[in-house]
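See structure below.
Because the structure is predicted, anything quoted here is derived from the model rather than measured.
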Amino acid sequence: MRRVPVSEGGPRRRRWLAGTGVGLFLMAAALCALVVFPYPLFPHPTSLGSIDLRSDVPPGPDIAEALRAAHRRVLAMPLHLPNERYEIFLAHSERLYPSFTFLARKPSSTQGLILSSATGTVVLSLPGIRRMRQRSGGEPVRSRFEGTLDAAIAHEVGHLQARRRLGFRGYLALPAWKSEGWADYAAHRGHLRSDPRGGLTARVALLLDEDAWPVPLSRVDRRHYEWHVLVEYLVEVEGMSFDTLMDDGVAEKPCRARLRAWYAGKGAPSGAAPTSR
């Protein structure tokens with residue numbers, strides 16, 4: 001084998017590095033284009049109200065029904081404005097959604113993520129939504145654990161509305177209990193206000209019930225549910241506006257204490273966990 005002289009190796013190495021750099025640049029450009037212009041991958045559009053849904057496969061009757069249910073959820077949201085548009089890209093493929101989560105540095109196990117709050121674009125994973133339902137059994141109802149497409153659409157729309165209200169930087173500065181709790185509350189607000197299963201008192205009892213959170217649901221899941229219930233309490237019982245809730249002076253710990261004091265005063269339902277946890 002002929003040894004490459006140092007004088008030859010230098011230019012060859014530079015050419016190799018240049019070629020690699022161009023390849024990486026083109027790959028990065030292609031991935032960025034995927035986020036900015038994902039339409040070719042989702043060629044099947046359908047719309048209702050303020051929601052424009054684009055799918056990677058032709059949508060069936062189940063998708064049409066989910067879109068109608070999501071539309072009803074959006075109409076009940078506190079920050080809904082009739083002139084706003086929400087573009088939802090729905091991935092049926094197991095391989096398509098991870099391309100977006102990779103770019104966003106998010107776990108591929110999530111149900112959905114925002115591509116752009118300015119344009120109101122969201123990508124959802126139908127397999128991820130279905131896995132959530134399989135894991136949770138659809139319980140608790142009126143929460144992210146339902147694992148339904150309409151709830152997932154509404155959750156991401158809740159995030160979009162809050163981002164638009166606060167601005168990108170203001171929204172990123174929020175603690176998770178406010179951003180996630182608000183999105184969950186907004187997504188289920190219409191159902192929560194007409195829930196025949198005991199209302200907020202029953203949801204607090206469920207939150208405090210140790211036996212209600214077995215595997216495969218986890219402490220993380222329970223924490224998310226607490227954020228949802230806490231935001232619901234602050235808005236529905238204390239009458240907080242969105243802007244007041246998002247203020248830096250509203251902290252999680254004292255709000256949680258007020259929620260549990262309210263629950264104790266309402267009288268814990270029979271068999272409910274004590275509020276001293």
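- Side chain to side chain, Thr121 and Tyr86 fail the donor-acceptor criterion of an N or O pair below 3.5 Å.
- The aromatic ring centres of Phe100 and Phe89 sit 6.0 Å or more apart.
- Aromatic ring orientation, Trp262 versus Tyr233: tilted (interplanar angle from 30° to 60°).
- The closest side-chain heavy-atom distance from Thr46 to Arg54 is not below 4.5 Å.
- With contacts defined as side-chain heavy-atom distances shorter than 4.5 Å, the pair Ile129/Arg133 does not qualify.
- In summary, the aromatic rings of His188 and His155 are positioned with their centroids too far apart to meet the 6.0 Å limit.
- Remark: the Tyr39 side chain and the Glu87 side chain contain an N/O donor-acceptor pair separated by less than 3.5 Å.
- For Ser179 and His159, the side-chain atoms include no donor-acceptor pair closer than 3.5 Å.
- In summary, Arg260 and Glu226 engage in a salt bridge, as defined by a charged side-chain N under 4.0 Å from a carboxylate O.
- Between Arg256 and Glu252 there is a salt bridge, since at least one side-chain N of the basic residue sits less than 4.0 Å from a carboxylate O of the acidic one.
- Donor-acceptor pairing under 3.5 Å is recorded for the side chains of Arg144 and His224.
- The existence of a salt bridge linking Glu146 and Arg73 is confirmed by a sub-4.0 Å separation between a basic side-chain nitrogen and an acidic carboxylate oxygen.
- Inter-residue side-chain proximity for Arg203 and Pro140 is flagged as unmet; no heavy-atom pair is nearer than 4.5 Å.
- Checking Glu236, Glu232, Glu180 one by one against Tyr185, the side chain to side chain donor-acceptor pair (under 3.5 Å) holds for a single residue, Glu236.
- For the salt bridge (charged side-chain N to carboxylate O under 4.0 Å, His left out) with Glu84, the qualifying choice from Arg165, Arg164, Arg163 is Arg164, the only one to do so.
- Under 3.5 Å, the side chains of Ser47 and Asp52 contain a donor-acceptor pair of N or O atoms.
- The CZ atom of Arg85 lies 13.0 Å from the CG atom of Leu160; values are rounded to the nearest 0.5 Å.
- Ring centers of Trp213 and Tyr225: under 6.0 Å apart, within the cut-off.
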